[in-house]
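Remarks on the structure that follows.
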Amino acid sequence: MSVEFVYPEFEIIRNTERCTACRICERQCANKVHSFRKERDVMEADETKCVNCQRCVSFCPTRALKIVKSDCTLRENANWQNETIKEIYRQANRGGVLLSSMGNPKPLPVYWDKILINASQVTNPPIDPLREPMETRVFLGKKPEKVQRYQNGKLKYELPPQMELSMPILFSAMSYGSVSYNAHASLARAAKELGIFYNTGEGGLHEDFYCYGKNTVVQVASGRFGVHEEYLKAGSAIEIKMGQGAKPGIGGHLPGHKIVGDISRTRMIPQGSDAISPAPHHDIYSIEDLCQLVFSLKEVTEYKKPIIVKVAAVHNIAAIASGIARSGADIIAIDGFRGGTGAAPTRIRDNVGIPVELALAAVDSRLREEGIRNHVSLIVGGSVRSAADVVKAIALGADACYIATAALLALGCHLCRTCQSGNCNWGIATQRPELVERLDPDAGSRRLINLMNAWRHEIKELMGGMGINSIESLRGNRLMLRGISMTDKELEILGISHAGE
């Protein structure tokens, strides 16, 4: 018999004077925390099941509920912290690897918050984005090294396949299965209206979403789930997933209880079977092997679509990116260690990989030193949280940013970090029909559009304050950045000066 040695992490405080026992909290909680005690005519709560998703609090009509973090903790110990001890208890109870979802919650450095943006004052005056044109469009793909002309003097404007975005943001890879049908619908609709892209993740593309192909990036992962010729031709770009920021060196795993109905058919695997993508692609063990896959995908799509290679941010990322740039890929996506995930081994999520800010700066510098920066575009992701983070990323050398967690927050996610359970109370990371219905795709897409329009306006304001009127002029412009509370080595890698210099 298993024993729980610790007090529940959260306490549910119910105001009995306000509570009318309407049982809405009971109906809204997928974790079965709340229940009605008929003989006493009161609501009760099993706090051991609470994940603090705030669904019951949000829907309580009388504001009778509040969830607070328990102050009942184990004896203080700087080495053996509460969370460490609780994890040992859980493993001793159940055995097996600890699984976690969403991003790394540890108090590790967030370099976005240590980077400040410079502003123009007099000699290079700021620009008012309300009165002067600001260009937020970006084109992702290979670029020529220099301006070329025909013999008659006219410009050569033919380019390799490009992705045109109205703003330097894409919705990152989230597979159908890890998130719900309605979540995918929200992302696809928003991408189409905004003139940007969303990424299918490694779960294939539901037939209902083929109509969004002009705004879709289709992904090819090691498991090849849902990959076939029509799928590859459906999107405007193809992404080869080599690694993911939340779990570098680890493959993907979607539990069998999520492989139901259309997910099974879309992924082309039996219902109820676990979808396991191995850590390596079994046909890629060198840059030459990667090159072969890149050109195989180009061949099947008649060289009409750019190829993205997604890698996790690790210590030798600059050398890896240099090789990818020579493989024929058009775009490199770098995913930092704070990136979200539907499920990852806790030890991997919290201890493997490096911050995307350092990885981005190192890659951009390496590609420039080798004279191949224009051979590829760079997309970065891994906890890009605001328009300011986007501007800082572009100034460090990115062409665009992937966002995922921010997009899910816009849909209603409360970061309770239990995606792997399939009991998402907000209808996002679940396949239970009664929970999926809680996310309205029309409302979801509108919230995403609102968020992106707000960010676009903030990007324009930030660029205007810097005296810059286009994303292209901002890209790699590290002179507009300053660092605080960083070591000389950190500043050297980022390629920026300390504030005050």
Side-chain angles (χ1 to χ4, degrees), residues 139-142 159-166 169-242 244 252 254 259 261-269 275 277 281 283 293-310 328-333 377 379 381 400 402-404 407 431 441 444-445 448:
F139 293 84
L140 304 182
K142 293 180 187 294
L159 291 173
Q162 302 284 313
M163 299 171 65
E164 180 180 352
L165 291 79
S166 65
I169 298 174
L170 309 84
F171 297 133
S172 189
M174 291 175 276
S175 70
Y176 177 44
S178 68
V179 297
S180 67
Y181 177 99
N182 287 359
H184 256 222
S186 300
L187 293 163
R189 293 179 192 180
K192 180 180 180 180
E193 185 163 335
L194 290 163
I196 59 174
F197 292 80
Y198 87 104
N199 190 312
T200 66
E202 62 174 282
L205 181 63
H206 192 286
E207 58 193 12
D208 291 354
F209 302 140
Y210 273 60
C211 59
Y212 300 104
K214 290 183 179 179
N215 301 92
T216 303
V217 176
V218 297
Q219 192 178 83
V220 176
S222 59
R224 304 293 201 266
F225 297 121
V227 176
H228 52 86
E229 185 177 351
E230 292 307 310
Y231 166 75
L232 296 173
K233 291 181 177 179
S236 289
I238 301 171
E239 180 174 272
I240 302 170
K241 176 195 168 189
M242 299 298 298
Q244 182 179 344
L254 188 67
I259 309 295
D262 284 349
I263 297 166
S264 168
R265 186 164 53 82
T266 301
R267 290 191 174 230
M268 304 188 300
I269 58 175
S277 293
H281 288 248
D283 52 354
L293 178 57
V294 167
F295 280 94
S296 293
L297 295 173
K298 289 189 174 189
E299 187 73 27
V300 77
T301 55
E302 301 174 349
Y303 292 82
K304 294 179 180 179
K305 303 179 190 298
I307 306 298
I308 308 169
V309 176
K310 178 181 178 180
D330 303 280
I331 303 164
I332 301 173
S377 293
I379 304 174
Y402 265 143
I403 68 164
Q431 303 310 323
S445 61
L448 288 166

(request) Kindly give the heavy-atom pair with the smallest separation between P441 and R189, and that separation in Å. (result) CB-NH1, 3.5 Å

(message) Test side-chain hydrogen bond (donor to acceptor under 3.5 Å, both in side chains) on E193 and S445; report intermediate values, then the result.
(response) CA-CA 9 Å; E193 185 163 335; S445 61; over 6 Å; no

(request) Please list, chain by chain and in numerical order, all residues satisfying ring pair (Phe, Tyr, Trp, His ring centres under 6.0 Å) with Y181, sequence neighbours excluded. (result) H206, F209

(request) Could you pull out the closest heavy-atom pair between Y402 and A333, with the gap in Å? (result) CE1-CB, 3.9 Å

(request) Using atom types as modelled and distance alone, determine if a side-chain donor or acceptor of Q162 lies under 3.5 Å from a backbone N or O of P160. (result) yes

(request) First locate atom CG of L194, then atom CG of L170, and finally report the distance between them rounded to the nearest 0.5 Å. (result) 11.0 Å

(message) Students often mix this up, so state it plainly: with edges at 30° and 60°, are the rings of H184 and Y198 parallel, tilted or perpendicular?
(response) perpendicular

(request) For residues I169 and A400, report the shortest heavy-atom separation together with the two atoms involved. (result) N-CB, 4.5 Å

(request) State, to 0.1 Å, how close I331 and G141 come at their nearest heavy-atom pair, and which atoms those are. (result) CG1-N, 4.0 Å

(request) State, yes or no, whether a side-chain contact exists between T200 and Y176 at a heavy-atom distance under 4.5 Å. (result) no

(request) Say whether, by atom type as modelled, one donor and one acceptor occur between the side chain of T266 and the main chain of D262 under 3.5 angstrom. (result) yes

(message) Working to the nearest 0.5 angstrom, can you tell me the gap between L205 CG and H228 NE2?
(response) 8.0 Å

(message) Out of the candidates I307, I238, V294, only one should pair with D330 under the side-chain contact (heavy atoms from CB on, under 4.5 Å) rule; please name it.
(response) I307

(request) With the side chain counted from C-beta on, respond yes when Y212 and F197 share a heavy-atom pair under 4.5 Å apart, and no when they do not. (result) no

(request) Could you tell me whether K192 atom NZ has more than 12 heavy atoms of other residues or ligands within 6.0 Å of it? (result) no

(message) Under a 3.5 Å distance rule, please check whether T301 uses its side chain to pair with a backbone N or O of K304 as donor and acceptor.
(response) no

(request) Can you measure from CG (N199) to OG (S175) and round to the nearest 0.5 angstrom? (result) 10.0 Å

(request) Return the minimal non-hydrogen interatomic distance between A407 and L448, and the atom names on each side. (result) O-CD2, 3.4 Å

(request) Would you mind reporting whether I259 and L254 have side-chain heavy atoms less than 4.5 Å apart? (result) yes

(message) When you compare the side chain of F139 with that of L159, does any pair of heavy atoms fall below 4.5 Å?
(response) no

(request) Ignoring hydrogens and angles, tell me if any N or O in the side chain of K305 forms a donor-acceptor pair with the backbone of K233 under 3.5 Å. (result) yes

(message) Can you confirm whether M163 sits close enough to S377 that some side-chain heavy atom of one is under 4.5 Å from a side-chain heavy atom of the other?
(response) no

(request) For K310 and A173, indicate whether the former's side chain and the latter's backbone hold a donor-acceptor pair under 3.5 Å. (result) no

(request) Scan for side chain to side chain donor-acceptor pair (under 3.5 Å) pairs involving residues 215-225, sequence neighbours excluded, and state none if there are none. (result) Q219-E239, R224-H281, R224-D283

(request) Please answer whether the main-chain N or O of V179 pairs with a side-chain N or O of Q431 as donor and acceptor at a distance below 3.5 Å. (result) yes

(message) For the CD1 atom of I308 and the CD1 atom of I332, what is their distance to the nearest 0.5 Å?
(response) 11.0 Å

(request) Report yes or no: does S172 contribute a side-chain atom to a donor-acceptor pair with the main-chain N or O of I403 at less than 3.5 Å? (result) no

(request) Considering non-hydrogen atoms only, spot the tightest contact between F171 and A191 and give its length. (result) CE1-N, 4.0 Å

(message) Please report the interatomic distance CG(L140) to OG(S236), rounded to the nearest 0.5 Å.
(response) 12.0 Å

